[in-house]
Protein chains: 2
Amino acid sequence: MTRPAQPLRRERRPDQRPQELLEAALDVFARKGYRAARLDDVAEAAGVTKGAIYHYFDTKEELLLGVVEHFQDVAFGRVEDVLRDKTLPPSARIGLLVRRMFSNPDRTRGELFLVLLRDVAHEMPRVHHRWLRTGPMRLWGLIASLVEEGKEAGEFRADADSEVGARLLVSGLMLQLIWQQHAPHLREITIDEERVVNAAVELFLASLRSVG
Amino acid sequence: MTRPAQPLRRERRPDQRPQELLEAALDVFARKGYRAARLDDVAEAAGVTKGAIYHYFDTKEELLLGVVEHFQDVAFGRVEDVLRDKTLPPSARIGLLVRRMFSNPDRTRGELFLVLLRDVAHEMPRVHHRWLRTGPMRLWGLIASLVEEGKEAGEFRADADSEVGARLLVSGLMLQLIWQQHAPHLREITIDEERVVNAAVELFLASLRSVG
DNA sequence: AGATTAACATACTCACGGGTATGTTACTGC
DNA sequence: GCAGTAACATACCCGTGAGTATGTTAATCT
């Protein structure tokens, strides 16, 4: 296009810029995958150039780490009230927790773990572990402790394996939703997301209540 | 090491070679990830050089496709007898099917979907869809039809959502086992694999039997 | 209003690895 | 036993993209 060598926009916003970069990075990573995503793409999506990124982040990996921490905090922040609301029985709080975490079409949800399941896992164990700890493990830990509460309250049977159950609930939903979102043109795999989430919760709770 | 320019071993085995290459490729892909795996690595693992690979496969993607087809066939081949054994009740056949597919420490199991979950998913949708169809979807389809059998036989409640349940069972187990195998030094995530598989099956069956 | 630094842009380097072009040697048929 | 081809090995090409070095301009302080 024979650019008229118009020097690029020069707006200086050192306080908004980092978060803008994180959001742009999430977009691009989610669309292209971490490795395939070029830093030039991220920069373009954020309306800047690569130099700006390297002004705030030392390396591509550090940028990804920033994305993880930022959006993980956002996601769990929107669920704190449910955890503290002791007026609801544990089963209801589990339902709310899972539903809020998984049936959420905005960016704080799926794109992130999608990226992390992909190219990150093996090539950057440090980042992957950090994410595992602050994400999935944290979530199924919360669920497991709610189940324990439910046991003490007599709502669930006492011999249930709360730990493994919570793990399966979380990982099952994650992978299903990843696939749904990832292959929307694959007819056979596309089911209404709400149906999946509801069915998962029902299945989980039913197994906790059943008489063994 | 200043190689003495010893020309590499020249053994010609055009019939074993392709499978050897597939096995070497699976190893390297599983260890390094698809993108990070160099074709030189695969060649070295197979005891040949890159030229040999390109003699049998047109491209890196084609090699991966070969890996998928080969090992998928092996895995499902070892389960056919269970499916055809009509003497066992569906619940028992589900248990056997899942256990055989997931509690299997050899290479036909985890390494493959681990690779495909990672870098393949987004960057090569053709390969990913092929795998989804011939792997997970096939498996949960089998389970769902067993559940239908169980409903007709009166073993399971008729209003259960067999489709979604089977999906969650498969994807939950897959992701759990991936993580286990992927972060064996992460204490908090490591549980006995048999316990996970058994608990998953029990949870699944319990929800099918419970009185809603 | 000039100096200084922060917040960017621009231009370049350089390793890496998929693919290719070409050489070399083991078989196979005749 | 000798072409001819298949089954490899070797050497090279070349795009790609992370990281860097350096230039440039806006804000800030005095």
Side-chain angles (χ1 to χ4, degrees), chain A residues 1-22 24-25 28-29 31-67 115 119-120 122-124 127, chain B residues 1-22 24-25 28-29 31-67 115 119-120 122-124 127:
Chain A
M1 317 283 199
T2 64
R3 291 273 165 74
Q6 255 187 22
L8 233 158
R9 275 199 99 104
R10 274 185 186 271
E11 285 181 80
R12 295 195 172 184
R13 312 188 313 215
D15 35 350
Q16 295 104 301
R17 206 62 91 184
Q19 298 200 21
E20 291 177 11
L21 289 175
L22 292 177
V28 179
F29 287 167
R31 256 185 306 120
K32 299 205 171 193
Y34 174 74
R35 287 203 57 148
R38 285 159 296 188
L39 286 182
D40 292 307
D41 295 337
V42 176
E44 189 187 346
V48 293
T49 61
K50 200 162 57 174
I53 297 182
Y54 275 95
H55 183 71
Y56 292 103
F57 302 93
D58 285 346
T59 176
K60 192 184 180 187
E61 181 171 343
E62 216 67 30
L63 175 64
L64 177 61
L65 207 55
V67 172
V115 170
D119 8 36
V120 174
H122 190 266
E123 298 175 31
M124 290 150 43
V127 180
Chain B
M1 322 284 197
T2 64
R3 292 273 165 76
Q6 256 189 23
L8 233 159
R9 276 197 99 104
R10 274 183 185 271
E11 286 181 79
R12 296 194 170 185
R13 313 187 313 213
D15 34 351
Q16 295 105 301
R17 205 62 91 186
Q19 298 200 22
E20 292 177 10
L21 289 174
L22 292 177
V28 179
F29 288 168
R31 258 185 303 120
K32 301 205 171 196
Y34 174 74
R35 287 202 57 149
R38 286 158 296 188
L39 286 182
D40 292 307
D41 295 336
V42 176
E44 189 186 347
V48 294
T49 62
K50 200 161 60 176
I53 297 181
Y54 276 97
H55 184 71
Y56 293 102
F57 302 93
D58 286 346
T59 176
K60 193 183 180 187
E61 180 171 345
E62 215 68 29
L63 175 63
L64 177 62
L65 207 55
V67 171
V115 169
D119 8 37
V120 174
H122 190 265
E123 299 174 29
M124 290 151 41
V127 180

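So that the names make sense, note that chain A is the first sequence line, chain B the second, and so on, each numbered from 1.
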Check the distance between [N]'s [atom2] and [X]'s [atom1] and give it to me in whole angstrom.
| X | N | atom1 | atom2 | value |
| --- | --- | --- | --- | --- |
| B:F57 | C:dT20 | CZ | C1' | 18 Å |
| A:R17 | D:dA27 | CZ | C1' | 14 Å |
| B:I53 | D:dA7 | CD1 | P | 16 Å |
| A:R13 | D:dT25 | CZ | P | 20 Å |
| B:F29 | C:dG17 | CZ | P | 13 Å |
| A:Q16 | D:dA27 | CD | P | 12 Å |
| A:E20 | C:dC8 | CD | C1' | 13 Å |

For the atom pair [atom1] ([X]) and [atom2] ([Y]), what is the distance rounded to the nearest 0.5 Å?
| X | Y | atom1 | atom2 | result |
| --- | --- | --- | --- | --- |
| A:D40 | A:T49 | CG | OG1 | 8.5 Å |
| A:Y54 | A:K60 | OH | NZ | 8.5 Å |
| B:T59 | B:L39 | OG1 | CG | 8.0 Å |
| B:L22 | B:L64 | CG | CG | 10.0 Å |
| B:D41 | B:K50 | CG | NZ | 10.5 Å |

Exercise. Does any donor-acceptor pair link the side chain of B:R12 with the base of C:dA26 at a separation under 3.5 Å?
Worked result: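 Pair found.
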Sort me out a list of protein N/O and nucleotides 16-18 of chain D N/O pairs below 3.5 Å, or just none if empty.
| residue | atom | partner | partner atom | Å |
| --- | --- | --- | --- | --- |
| D:dG17 | OP2 | A:R38 | NH1 | 3.1 |
| D:dA18 | OP1 | A:A37 | O | 3.1 |
| D:dA18 | OP1 | A:K60 | NZ | 3.1 |
| D:dA18 | OP2 | A:L39 | N | 2.9 |
| D:dA18 | N7 | A:K50 | NZ | 3.3 |

For this session: Please determine, for the side chain of B:V48, which listed nucleotide (C:dC8, D:dA9, D:dA7) has the closest atom?
Result: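 Taking heavy atoms from C-beta onward, the closest nucleotide is D:dA9.
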For this session: Just compare C:dA9, C:dA6, D:dA9 and give me whichever is closest to any side-chain atom of A:H55.
Result: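 Output: C:dA6.
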For this session: For the residue pair B:F57 and B:V42, establish whether any side-chain heavy-atom pair is separated by less than 4.5 Å.
Result: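 Contact flag for B:F57/B:V42 side chains = no.
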